[in-house]
Amino acid sequence: MAFTFTDKYLKEFVTDFSLAAMTDEAKRAFDTVYSGSGAGADFLGWLRLPYDYDKEEVERIKKAAKKIQDTCDVFVVIGIGGSYLGARAAIEFVKGQSYNNKKKTTPDVYFVGNDISSSHLRDVLEICEGKDVCINVISKSGTTTEPAIAFRIFRDLLVKKYGSAANERIFVTTDKVKGALRPQSETLGYESFVVPDDIGGRYSVLSAVGLLPIAVAGIDVDEMLAGAKAAADKYSDGDIFSNDCMKYAALRNYFLRHGKSVEILAVNDPALTMTCEWWKQLFGESEGKDGKGLYPASAVYSTDLHSIGQFIQQGTRVMFETVINVNTEDGFAIEAEADNADGLNFLAGKTVNYVNQQAFLGTVLAHTDGNVPNISIELTSRTAFDFGYLVYFFELSCAISGYMLGINPFDQPGVEAYKKNMFALLGKPGYEENAKVLAGRIANIK
Ligand code: PA5
């Protein structure tokens, strides 16, 4: 198995006795997830997704991906939050951050609609010039401002370029019946896929939300689902000492109760940068409510050891780390040089991965010396299967951890606050009262 979870670096921070004291609590939270008896249980579709996924839809996704691969150079994926992060994380996890710049037979994949930057939109429009383009707009509501703006712009590009044939290049992933995109899809004949009702955005990467862009990038979605199933099988029972999801959930809550307020997901391969972003949404949106939760941060090593590494080593002692050690030996070795001008010959014959492993170990030891507990996950490959496994591991851990924290891990009431203000400031109909209140507040800001 490419995935190993270990608490072996934690011995001086958490005793088995302390962990054992959380056994019943962790088991209760686990049972609450599995019995569907907790808050937000309407959104547990991800739990059995690796078994129950819509097989016919996955076949259609694979066919659509093939069509997209055959007909376009650039695939523009429009979505934000849960409708964006998972697909990008998966593509970079398996194919690396330089996917778009590599020689390949699959289209480049660009993500827009995940910010409100005109220069980002212009850049991707420019990239599309002279290229064949398809788009996938992913939005459950169809009304989220960022992707809605981007969809207008890119749909317009396609209509100008292809006329009525543009419709064959637009792929929609949205609610089965509701939302602004469903009627458009039906009227204009866009091929469409479903955002399941019982799966929230941050748990949706293994549904059509993530699978179409992932398949277009040439990644085996069956393998990804098989990885998730392997994790679902493995973590479906046990106790805090045999089930790593329960153990991870318990350890997170243990540290929160013992003075830690920040969890850093640290990775030692930039291919996992977006996996960190996906993880931050998963845990941040699931647990950060009712004045509770760990702040989910991330760091990419060794890059960040030359920046925020200083803070992690010696700054305010508020954090613990969950480190994903990517240990994929590919034999890429450092060669000896006759003059040894850089003094690096002591590494001659050693692989780059070997150096990365020593850096990882040295960092774990330094950080634990600096009173930063380290939970560790080791990955010996970065396949589609591994990504599916990792996703399921974190999703289940998050649900258990959220129930241990005493919150609903499946809602996100706080994200509406900025939207109400933004809509009022933009003059959206229906927000007139709030617009007046905000205008008064703004006038008083000196
Ligand atoms: O996790 C979530 O629910 C959010 O991040 C949503 O996915 C995000 O706000 C996008 O919403 P929608 O898919 O309706 O455009």
Side-chain angles (χ1 to χ4, degrees), residues 3-41 44 46-47 202-203 231-266 279-280 282-297 317-324 364 367-368 371-378 389-411:
F3 174 102
T4 314
F5 177 90
T6 176
D7 57 355
K8 67 183 176 193
Y9 303 112
L10 285 178
K11 299 300 173 209
E12 61 197 85
F13 297 101
V14 194
T15 62
D16 277 356
F17 184 72
S18 308
L19 203 55
M22 298 177 86
T23 303
D24 291 347
E25 198 189 334
K27 183 78 170 95
R28 251 194 326 276
F30 175 86
D31 290 342
T32 304
V33 176
Y34 267 85
S35 61
S37 56
L44 277 169
W46 55 271
L47 187 64
R202 60 190 175 274
Y203 292 83
D233 288 344
K234 184 166 169 68
Y235 302 120
S236 62
D237 57 18
D239 62 24
I240 202 168
F241 291 104
S242 62
N243 182 318
D244 290 333
C245 290
M246 266 192 249
K247 188 185 269 185
Y248 179 44
L251 287 169
R252 301 180 75 255
N253 280 279
Y254 176 88
F255 288 127
L256 179 63
R257 292 168 199 176
H258 289 79
K260 303 297 186 190
S261 51
V262 176
E263 178 180 10
I264 301 173
L265 185 70
W279 173 93
K280 276 158 48 175
L282 178 67
F283 281 92
E285 226 171 53
S286 297
E287 293 194 323
K289 55 198 71 157
D290 304 341
K292 297 181 181 176
L294 287 158
Y295 181 81
R317 300 296 72 192
V318 290
M319 76 288 276
F320 68 95
E321 286 178 296
T322 297
V323 186
I324 302 182
V364 168
H367 287 181
T368 52
N371 201 19
V372 178
N374 267 235
I375 298 170
S376 171
I377 291 169
E378 180 167 287
Y389 191 101
L390 190 68
V391 159
Y392 196 91
F393 171 83
F394 279 134
E395 288 178 348
L396 180 55
S397 302
C398 184
I400 299 168
S401 180
Y403 283 143
M404 290 183 78
L405 190 61
I407 49 83
N408 175 353
F410 305 113
D411 66 358

> Under 4.0 Å between a Lys/Arg side-chain N and an Asp/Glu carboxylate O for Asp24 and Arg28?
Replying inline: no

Please name the pair of heavy atoms, one in [X] and one in [Y], separated by the smallest distance, quoted to 0.1 Å.
X	Y	value
Ala250	Ile240	CB-CD1, 3.4 Å
Ile400	Ala249	CG2-CB, 3.7 Å
Met319	Val372	O-CG1, 3.7 Å
Val262	Ala297	CG1-CB, 4.0 Å
Ala39	Asn408	O-OD1, 3.4 Å
His367	Glu321	ND1-OE1, 2.7 Å

>> Looking at Lys260, I want to see if its NZ is surrounded by more than 12 non-hydrogen atoms of other residues, nucleotides or ligands under 6.0 Å.
In response: yes

>> Quick check on Tyr295: does its OH atom have over 12 non-hydrogen neighbours (other residues, nucleotides or ligands) under 6.0 Å away?
In response: no

Between the main-chain N or O of [Y] and the side-chain N or O of [X], is there a donor-acceptor pair closer than 3.5 Å?
X	Y	answer
Asp244	Lys247	no
Lys289	Asp411	yes
Lys292	Ile407	no
Ser18	Val14	no
Asn243	Met246	yes
Tyr392	Leu47	yes

> Which residues satisfy the side chain to side chain donor-acceptor pair (under 3.5 Å) test with Asp16, sequence neighbours excluded?
Replying inline: none

Is the shortest heavy-atom distance from the side chain of [X] to the side chain of [Y] under 4.5 Å?
X	Y	answer
Glu263	Trp279	yes
Phe241	Leu19	yes
Arg252	Phe283	yes
Tyr248	Ile377	no
Leu265	Phe394	yes
Phe255	Leu10	yes

Measure the spacing between [atom1] of [X] and [atom2] of [Y] and express it to the nearest 0.5 Å.
X	Y	atom1	atom2	result
Ser286	Glu395	OG	CD	9.0 Å
His258	Asn253	NE2	CG	11.5 Å
Leu405	Leu294	CG	CG	8.0 Å

>> Please confirm whether the ring centroid of Phe30 lies under 6.0 Å from the ring centroid of Tyr235.
In response: no

> Would the Phe320 and Phe13 ring centres measure less than 6.0 Å apart?
Replying inline: no

>> With side-chain contact (heavy atoms from CB on, under 4.5 Å) as the criterion, how do Cys245 and Phe5 come out once you've worked through the C-alpha distance, each side chain's angles and the decisive distance to 0.1 Å?
In response: CA-CA 9 Å; Cys245 290; Phe5 177 90; over 6 Å; no

> Taking Asn374 as the fixed residue, which of Val364, Asp7, Ile264 is the one that meets the side-chain contact (heavy atoms from CB on, under 4.5 Å) rule?
Replying inline: Val364

> Is there a donor-acceptor contact under 3.5 Å linking the side chains of Ser401 and Glu287?
Replying inline: yes

> Can you check side-chain contact (heavy atoms from CB on, under 4.5 Å) on Asp31 and Tyr403, steps first, answer last?
Replying inline: CA-CA 10 Å; Asp31 290 342; Tyr403 283 143; over 6 Å; no

